[in-house]
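Quick caveat, the model's predicted, so the values are computed rather than measured.
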Amino acid sequence: QVQLVESGGGLVQAGDSLRLSCAASGRTFSSYVLGWFRQAPGKQREFVAAITWSGGSGYYADSVKGRFTISRDNAKNTVYLQMNSLKAEDTAVYYCAADRGIIVTTNHWEYDYWGQGTQVTVSS
């Protein structure tokens, strides 16, 4: 069992930066694929970024590539999402998720554990 708690959301202006954190509990955290998803009002949950257990290269949605960076610290049981050059269209609730699988997936239904979400609002 893995429990995830996100933090770091808030209200910022376009062009600003935010760093989201997701603290996990559970002994096998280091073996999970970790991802970030977001959901705007009236829209489906969408993939943002994911990272393998080893913390190698991240995988990104085209809409955030070059602006967002995912990273993880297995010693701290924490995954991060550094968001730069934020745009109004980045406004959403951001969710951290963990997948017991080995291969990174962008499908939200394949993730096994979810956090409660943190609101990010970008004003233009």
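Other cluster members for L11: none, since no ILVMFWY side-chain heavy atom sits under 4.5 Å from it.
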Less than 3.5 Å apart, which donor and acceptor atoms pair up between the side chains of residues 94-103 and the rest of the protein, not counting sequence neighbours?
unit_1 : atom_1 : unit_2 : atom_2 : d
Y94    : OH     : R38    : NH1    : 2.9
Y94    : OH     : D90    : O      : 2.6
D99    : OD1    : G101   : N      : 2.9
R100   : NE     : D112   : OD2    : 3.3
R100   : NH2    : D112   : OD1    : 3.2

Report, one line per pair, each donor and acceptor closer than 3.5 Å where one atom sits in a side chain of residues 117-124; sequence neighbours left out.
unit_1 : atom_1 : unit_2 : atom_2 : d
T118   : OG1    : G9     : N      : 3.3
Q119   : NE2    : A92    : O      : 3.4
Q119   : NE2    : T121   : OG1    : 3.3
S123   : OG     : V12    : O      : 3.3

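Using a 4.5 Å cut-off between side-chain heavy atoms of Ile, Leu, Val, Met, Phe, Trp and Tyr, with links allowed through other members, V48 and I51 fall into the same hydrophobic cluster. The hydrophobic clustering, which links ILVMFWY residues whose side-chain heavy atoms are closer than 4.5 Å, places V2 and V79 together. Under a hydrophobic clustering in which Ile, Leu, Val, Met, Phe, Trp and Tyr are joined whenever their side-chain heavy atoms come within less than 4.5 Å, directly or via other members, L34 and V93 fall into different clusters. Cluster membership check: M83 does not share its hydrophobic cluster with F37, using side-chain heavy-atom separations under 4.5 Å among Ile, Leu, Val, Met, Phe, Trp and Tyr. Y80 and Y32 are members of different hydrophobic clusters when ILVMFWY side chains are connected at heavy-atom separations under 4.5 Å.
The shortest heavy-atom contact between Y60 and T69 is OH-CA, 3.3 Å. Across G10 and L18, no two heavy atoms sit closer than the pair N-CD1, 4.0 Å.
Using a 4.5 Å heavy-atom threshold, the side chains of F68 and W36 count as separate. Residues Y59 and I70 fail the side-chain proximity criterion, which asks for heavy atoms closer than 4.5 Å.
Checking side-chain atoms of E6 against main-chain N and O of Q116 turns up a donor-acceptor pair under 3.5 Å. Between the side chain of Y111 and the backbone N or O of T105, at least one donor-acceptor pair lies under 3.5 Å.
Judged as a side chain to side chain donor-acceptor pair (under 3.5 Å), and not counting sequence neighbours, the contacts of T52 are S54. Not counting sequence neighbours, K76 has no partner by the salt bridge (Lys or Arg N to Asp or Glu O under 4.0 Å) test.
To the nearest 0.5 Å, atoms CD (E110) and CZ (F47) are separated by 11.5 Å.
Within the structure, side-chain hydrogen bond (donor to acceptor under 3.5 Å, both in side chains) pairs that include any residue of residues 7-22 comprise S17-N84 (at least two apart or interchain).
The local environment of CD in Q3 is sparse, with at most 12 non-hydrogen atoms from other residues, nucleotides or ligands closer than 6.0 Å.
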